[in-house]
Amino acid sequence: MRTSFSHVTTRTIGCLVAFLLLVWPHTASAVTYMSIETVPNRAVVGEDVVVTIRSIGYANLERWSRRLLEECRVVDSVIDALTANATISSVTSTNTRVVVAAGGFEGGTNPSFVFTVKDSGADAVTEADVDVLGNALGYVLSQGSTAHFSPDNFKAYAFPLDYILVTFSGPLSGEEAQAFFEHLGTIDPALFSGLFAGFTQIDRPGSLMNNSMLFLQPAVSKRRFISGLSAVVDDEARASYSPLKNNGAPTTARAGVAFPENDWLTFPAGDQYLANIGESARLRSELAALRERHLDAVTRLLEAIEEGRVEEYLATQFTCP
């Protein structure tokens with residue numbers, strides 16, 4: 001399963017799609033995006049568990065993810081622990097926003113915690129704090145990797161990648177983003193289920209409606225990438241394509257991305273993430289407890305699925321671990 005370079009490349013680019021796809025050309029202010037899925041990595045819980053969880057559909061997974069974020073304070077608890085242990089100091093409610101948003105990869109669409117982080121000017125989050133937070137969340141949520149993305153500078157991170165942004169008039173729901181992605185597959189399957197095909201739903205700078213979808217160029221030619229996205233935008237009255245050349249012709253933009261990650265088969269204790277958050281035994285203990293709470297929430301969801309009571313569970317029976 002892990003054949004050095006080929007495996008790392010596939011996994012890294014996969015996560016990249018889960019996060020990279022968060023960009024806007026010519027942003028007026030510097031913004032970093034992060035994206036972390038809510039379902040644990042298959043190397044942690046097993047392939048069958050991941051398949052079972054995803055079988056409840058996007059809408060139910062989104063409801064579960066929102067309850068984790070808003071009621072169980074999964075993200076806030078990690079930030080609180082890092083701040084209390086003096087591991088980060090610049091992350092605040094005014095410079096960091098996190099929502100549950102859609103992310104698609106190789107034919108599937110899943111909810112993720114997507115962050116919009118102010119990374120320059122007054123009250124900005126430092127690059128070091130962004131890195132620590134991404135690693136801590138990857139550990140607590142048992143992810144194979146997280147992704148950091150700077151839309152302002154394609155040289156900021158290791159991977160310079162081409163992307164296309166599709167922006168909708170008015171709000172865009174996760175299910176609408178999923179439907180758009182699936183429609184793209186009817187135009188060109190390689191842009192939907194092909195190698196590295198995917199998108200992430202984001203807030204464009206200046207907007208709080210999560211009404212943009214950023215598509216990373218998959219394993220197809222740039223011309224095919226542009227052609228397919230142009231065609232699906234033409235079919236959707238609410239959608240607009242960017243970037244455009246001076247003559248109005250569609251083109252692509254570039255961005256840089258980084259991926260904090262952990263190989264759970266080789267490092268089952270999450271050592272690769274933990275190495276990036278400091279040596280504090282107290283902090284590691286607190287994060288480990290938060291990780292167990294998230295895995296407990298996964299177990300409770302699985303029980304509801306197996307007992308055929310997902311709707312009731314998410315509506316009235318859900319409780320935080």
* Asked: Is Gln217 reaching over with its side chain to a backbone N or O of Val220, donor-acceptor style, under 3.5 angstrom?
  -> yes
* Option among Asp119, Thr116, Thr96 that satisfies the side chain to side chain donor-acceptor pair (under 3.5 Å) test with Thr32 -> Asp119
* Asked: Just by distance, do the side chain of Arg254 and the backbone of Pro160 share a donor-acceptor pair under 3.5 Å?
  -> yes
* Hey, are Arg238 and Glu176 close enough for a salt bridge, meaning a charged N less than 4.0 Å from a carboxylate O? -> yes
* Asked: Strictly by modelled atom types, are Gln272 and Asp263 linked by a side-chain donor-acceptor pair under 3.5 Å?
  -> no
* Full working for ring-ring contact (aromatic ring centres under 6.0 Å, His included) between Tyr273 and Phe267 -> CA-CA 10 Å; Tyr273 282 137; Phe267 301 98; over 10 Å; no
* Assess Arg300 against Tyr313: is NZ or CZ under 6.0 Å from the centre of the six-membered ring, and within 45 degrees of the ring's axis? => no
* To do: Could you go through the side chain to side chain donor-acceptor pair (under 3.5 Å) check for Asp129 and Ser90 one step at a time?
  => CA-CA 7 Å; Asp129 282 2; Ser90 62; 2.6 Å; yes
* Asked: Is a side-chain N or O of His148 found less than 3.5 angstrom from the main chain of Ser35, in a donor-acceptor match?
  -> no
* Asked: Any link between Ile36 and Val99 through a network of hydrophobic side chains (Ile, Leu, Val, Met, Phe, Trp, Tyr) touching at under 4.5 Å?
  -> no
* To do: Begin with the C-alpha distance, continue with both residues' side-chain angles, and end with the deciding distance and a verdict on salt bridge (charged side-chain N to carboxylate O under 4.0 Å, His left out) for Asp188 and Arg224.
  => CA-CA 9 Å; Asp188 188 340; Arg224 184 174 178 180; 2.6 Å; yes
* To do: I would like to know whether Phe159 and Phe259 meet ring-ring contact (aromatic ring centres under 6.0 Å, His included); could you show each step before the answer?
  => CA-CA 10 Å; Phe159 295 93; Phe259 316 92; 5.2 Å; yes
* Hey, what do you get for CZ (Phe215) to OG1 (Thr252), rounding to the nearest 0.5 Å? -> 14.5 Å
* To do: Anything under 30° is parallel, anything over 60° is perpendicular, the rest tilted; go ahead and classify Phe181 against Phe199.
  => perpendicular
* **Short N-O contact, Asp80 and Arg73, less than 4.0 angstrom** => yes
* Asked: Stepwise, does the salt bridge (charged side-chain N to carboxylate O under 4.0 Å, His left out) test hold for Glu311 with Arg63?
  -> CA-CA 10 Å; Glu311 295 292 336; Arg63 291 170 67 193; 3.0 Å; yes
* Counting only N and O atoms by type, is there a donor-acceptor contact under 3.5 Å from the side chain of Glu261 to the main-chain atoms of Gly144? -> no
* Asked: Is any side-chain heavy atom of Asn95 closer than 4.5 Å to a side-chain heavy atom of Asp123?
  -> yes
* Asked: Ring centres of Phe196 and Phe105 under 6.0 Å apart?
  -> no
* With hydrophobic residues grouped by side-chain heavy-atom distances under 4.5 Å, do Leu69 and Val39 end up in a single group? -> yes
* Quick one: does Trp264's side chain have a donor or acceptor within less than 3.5 Å of a partner on Gln143's backbone? -> yes
* To do: Before accepting this row, confirm whether a basic side-chain N of the pair Arg67/Glu62 lies closer than 4.0 Å to the acidic partner's carboxylate O.
  => no
* To do: Can you establish whether the number of heavy atoms outside Glu47 located under 6.0 Å from its atom CD is more than 12?
  => yes
* Asked: Got a salt bridge between Glu37 and Arg54, using NZ or NE/NH1/NH2 to carboxylate O under 4.0 Å?
  -> yes
* Would you indicate whether Asn247, at its atom CG, is surrounded by more than 12 heavy atoms from other residues, nucleotides or ligands within a distance under 6.0 Å? => yes
* Structure fact -> Between Tyr241 and the options Leu165, Ile226, Thr251, the side chain to side chain contact (heavy atoms under 4.5 Å, CB included) test singles out Ile226
* To do: For His183 and Asp235, run side chain to side chain donor-acceptor pair (under 3.5 Å): C-alpha distance rounded to whole Å, both residues' side-chain angles, the deciding distance at 0.1 Å, then the answer.
  => CA-CA 9 Å; His183 181 49; Asp235 286 345; 3.0 Å; yes
* Asked: Within the distance-only criterion (no hydrogens, no angle test), does the side chain of Asn135 pair as donor or acceptor with the backbone N or O of Asn276 below 3.5 angstrom?
  -> no
* Asked: Can you check whether Val125 reaches Phe115 side chain to side chain, under 4.5 Å on heavy atoms?
  -> no
* If we only count heavy atoms from C-beta on, is the Leu301 to Ile56 side-chain gap below 4.5 Å? -> yes
* Are Thr167 and Leu172 side-chain neighbours, meaning at least one heavy-atom pair lies under 4.5 Å? -> no
* What residue among Asp131, Val130, Val132, Thr126 forms side chain to side chain contact (heavy atoms under 4.5 Å, CB included) with Ile88? -> Val132
* To do: Kindly say whether Glu182 contributes a backbone atom to a donor-acceptor pair with the side chain of Thr186 at under 3.5 angstrom?
  => no
